[in-house]
Amino acid sequence: MNAAATPAPKFATRFAPSPSGLLHLGHAYSALFAYRLAQAAEGRFVLRIEDIDLGRCKPEFEDAIIEDLAWLGLEWEQPVLRQSERLDIYANALKTLEQLGILYPCFCTRSDIAAEIANAGAAPHLNHHGPDGPVYPGICKHLSETERAQRIAAGEPHALRLDMEGAMKKAGPLTWHDRTRGEQIAEPDIFGDIVLARKDVATSYHLAVTVDDAAQGVTLVTRGDDLLPATHIHRLLQALLDLDVPEWHHTVLLTNNKGGRLAKRDKAFTLRAMREAGTDPEDLWAMSIRQIARQATATDGI
Ligand code: GLU
């Protein structure tokens, strides 16, 4: 009997906001972008609430997200995935990485790291900057197993970091495909030994987003191009965790009229303010495109 060919996964996009503020025009553009692609391909569109940052995320912002997206006319698959409810899934992924021998506990405080970096001033080759700021100088990487075990047993708070060198050796050379930029070579080492489980919450953005895109069957990740560098890490984690690899489409980030990225203080750009001002939701796509065109003209003029 012939084995049946595995059917290709159904085309799926996602919108993955963090409920740490009200959605603005940039979010509307992202959400509509993903939704329209899914519709055009008769694919799936999923929603994920990225609420691992317990200090900044609030239930009222999650309610506002749902309201705003419904106002925009979007429909998404149920159930909505909420990251704060998935810590056991992330713990399993961490266990897999631990078994590969590429995770280590890091007991450093921010000031330990800053002091080490300041000391390394005399040895500037040790002072690397990555897309997220200074690269971790490796203080806890070389602790003995005994010291690690003792400090953990004593209840010292610790994060879990990826041993980037070991991880890249395990994964081998990797590439990923961006729909507008083409084939990209994965260079996760620009970040150094990133945190995959924080001291305050036993996961991190990078781990949660990678595990969840796979869990939700996302085949095309669409998001702002501020997150383009993060994709290097996500591609590595996919390889290490043996997850399906999607494509990516990193979109232009909408800015305010002064050229800064849209933020909560740009009140006029929030979807709630627009709704209250009587804006027709049908106009938001065109408004986003006009804003992007304005940005492009402003840049050309420099
Ligand atoms: N939750 C992230 C944000 O709101 C987006 C994550 C992603 O698209 O990968 O900025």
Side-chain angles (χ1 to χ4, degrees), residues 50 52 83 86-110 112-113 116-117 120 125-176 184-215 218 221 227-246 248:
E50 301 214 323
I52 56 166
Q83 290 189 325
R86 294 173 52 78
L87 292 179
D88 53 337
I89 310 273
Y90 310 136
N92 278 339
L94 289 167
K95 206 173 285 161
T96 303
L97 298 174
E98 198 151 39
Q99 281 161 358
L100 292 173
I102 50 175
L103 272 195
Y104 64 88
C106 172
F107 305 91
C108 291
T109 60
R110 277 173 203 272
D112 292 334
I113 297 173
E116 180 75 8
I117 288 172
H125 63 285
L126 296 176
N127 264 339
H128 299 300
H129 257 263
D132 284 349
V135 163
Y136 178 65
I139 309 166
C140 286
K141 186 167 183 180
H142 306 292
L143 297 181
S144 68
E145 279 307 325
T146 320
E147 180 169 357
R148 284 177 182 161
Q150 277 168 355
R151 291 173 76 168
I152 291 173
E156 202 177 323
H158 63 278
L160 292 175
R161 287 187 182 272
L162 185 69
D163 165 6
M164 186 57 79
E165 203 185 325
M168 287 183 70
K169 247 185 227 148
K170 279 251 172 329
L174 296 168
T175 57
W176 48 279
Q184 305 287 307
I185 294 173
E187 294 172 333
D189 43 333
I190 53 176
F191 285 86
D193 289 358
I194 46 156
V195 167
L196 289 186
R198 295 168 14 180
K199 282 182 182 172
D200 58 336
V201 40
T203 185
S204 67
Y205 159 68
H206 295 303
L207 183 70
V209 86
T210 306
V211 167
D212 289 346
D213 278 334
V218 173
V221 172
L227 286 169
L228 178 76
T231 304
H232 292 293
I233 296 180
H234 303 174
R235 180 66 192 91
L236 173 64
L237 291 177
Q238 283 153 2
L240 296 168
L241 295 169
D242 201 15
L243 301 174
D244 286 344
V245 182
W248 283 265

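Just so it is clear, the model here is predicted, and its values are computed rather than measured.
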**Prompt:** Would you say Asp242 has more than 12 foreign heavy atoms packed within less than 6.0 Å of its CG?
**Reply:** no
**Request:** Go through Tyr205 and His234 one step at a time and tell me if the side-chain contact (heavy atoms from CB on, under 4.5 Å) criterion holds.
**Result:** CA-CA 10 Å; Tyr205 159 68; His234 303 174; 3.5 Å; yes
**Request:** Flag the pair Thr231 / Val221 as yes when at least one side-chain heavy-atom distance between them is below 4.5 Å, and no otherwise.
**Result:** no
**Asked** Do the side chains of Val218 and Asp212 get nearer than 4.5 Å, heavy atoms only?
**Response** no
**Message:** Looking at every non-hydrogen atom in both residues, tell me the closest pair between Lys199 and Pro157 and how far apart they are.
**Reply:** CE-O, 3.7 Å
**Prompt:** Does some side-chain heavy atom of Ile152 sit less than 4.5 Å from a side-chain heavy atom of Pro105?
**Reply:** yes
**Heavy-atom pair of closest approach, residues Lys141 and Arg148** = O-NH2, 2.8 Å
**Asked** Any side-chain heavy atom of Val211 sitting closer than 4.5 Å to one from Arg86?
**Response** yes
**Request:** Locate the shortest heavy-atom distance separating Ile113 from Cys108; write the atom from each residue and the value.
**Result:** CG1-CB, 3.7 Å
**Prompt:** What pair of heavy atoms forms the shortest contact from Gly192 to Val135, and how long is it?
**Reply:** CA-CG1, 3.8 Å
**Message:** Could you check whether atom CD of Glu165 has more than 12 heavy atoms from other residues, nucleotides or ligands sitting under 6.0 Å from it?
**Reply:** no
**Item:** From CG (Asp163) to CG (Leu97), nearest 0.5 Å
**Value:** 11.0 Å
**Asked** Do Leu236 and Leu162 have side-chain heavy atoms sitting under 4.5 Å apart?
**Response** yes
**Request:** If the plane angle is over 60° it's perpendicular, under 30° parallel, otherwise tilted; pick one for His206 and Phe191.
**Result:** perpendicular
**Asked** In Å, rounded to the nearest 0.5 Å, how long is the span from CH2 of Trp248 to CZ of Arg235?
**Response** 6.5 Å
**Prompt:** Can you tell if the side chain of Pro246 reaches within under 4.5 Å of the side chain of Gln238, non-hydrogen atoms only?
**Reply:** yes
**Prompt:** Does Arg198 reach the main-chain N or O of Ala159 with its side chain, forming a donor-acceptor pair under 3.5 Å?
**Reply:** no
**Fill in**
Closest non-hydrogen contact found for Val209 with Gln83 is N-NE2, 3.9 Å
**Asked** Heavy atoms, side chains only, cut-off 4.5 Å: are Ile190 and Pro131 in contact?
**Response** yes
**Asked** With Asp112, which residues qualify under side chain to side chain donor-acceptor pair (under 3.5 Å), at least two apart?
**Response** Thr109
**Item:** Cationic N near anionic O, under 4.0 Å, Glu98 to Lys95
**Value:** no
**Message:** Let me confirm one number: the CG-CG distance from Leu241 to Leu207, rounded to the nearest 0.5 Å.
**Reply:** 7.0 Å
**Request:** Identify the heavy atoms of Ala197 and Leu94 that sit nearest to each other, and give their distance.
**Result:** CB-CD1, 3.8 Å
**Message:** Rounded at 0.5 Å granularity, tell me how far NE2 in His232 sits from CG in Asp189.
**Reply:** 9.0 Å
**Asked** So, the side chain of Asp193 versus the backbone of Met164: is there a donor-acceptor pair under 3.5 Å, distance only?
**Response** yes
**Item:** Sub-4.5 Å side-chain heavy-atom contact between Cys106 and His158
**Value:** no
**Message:** With side-chain contact (heavy atoms from CB on, under 4.5 Å) as the criterion, how do Thr210 and Ile233 come out once you've worked through the C-alpha distance, each side chain's angles and the decisive distance to 0.1 Å?
**Reply:** CA-CA 9 Å; Thr210 306; Ile233 296 180; over 6 Å; no
**Asked** Taking the six-membered ring for Trp, are Tyr104 and Tyr136 parallel (under 30°), tilted (30 to 60°) or perpendicular (over 60°)?
**Response** tilted
**Item:** Spacing of Thr175 atom OG1 and Gln184 atom CD [to the nearest 0.5 Å]
**Value:** 9.5 Å
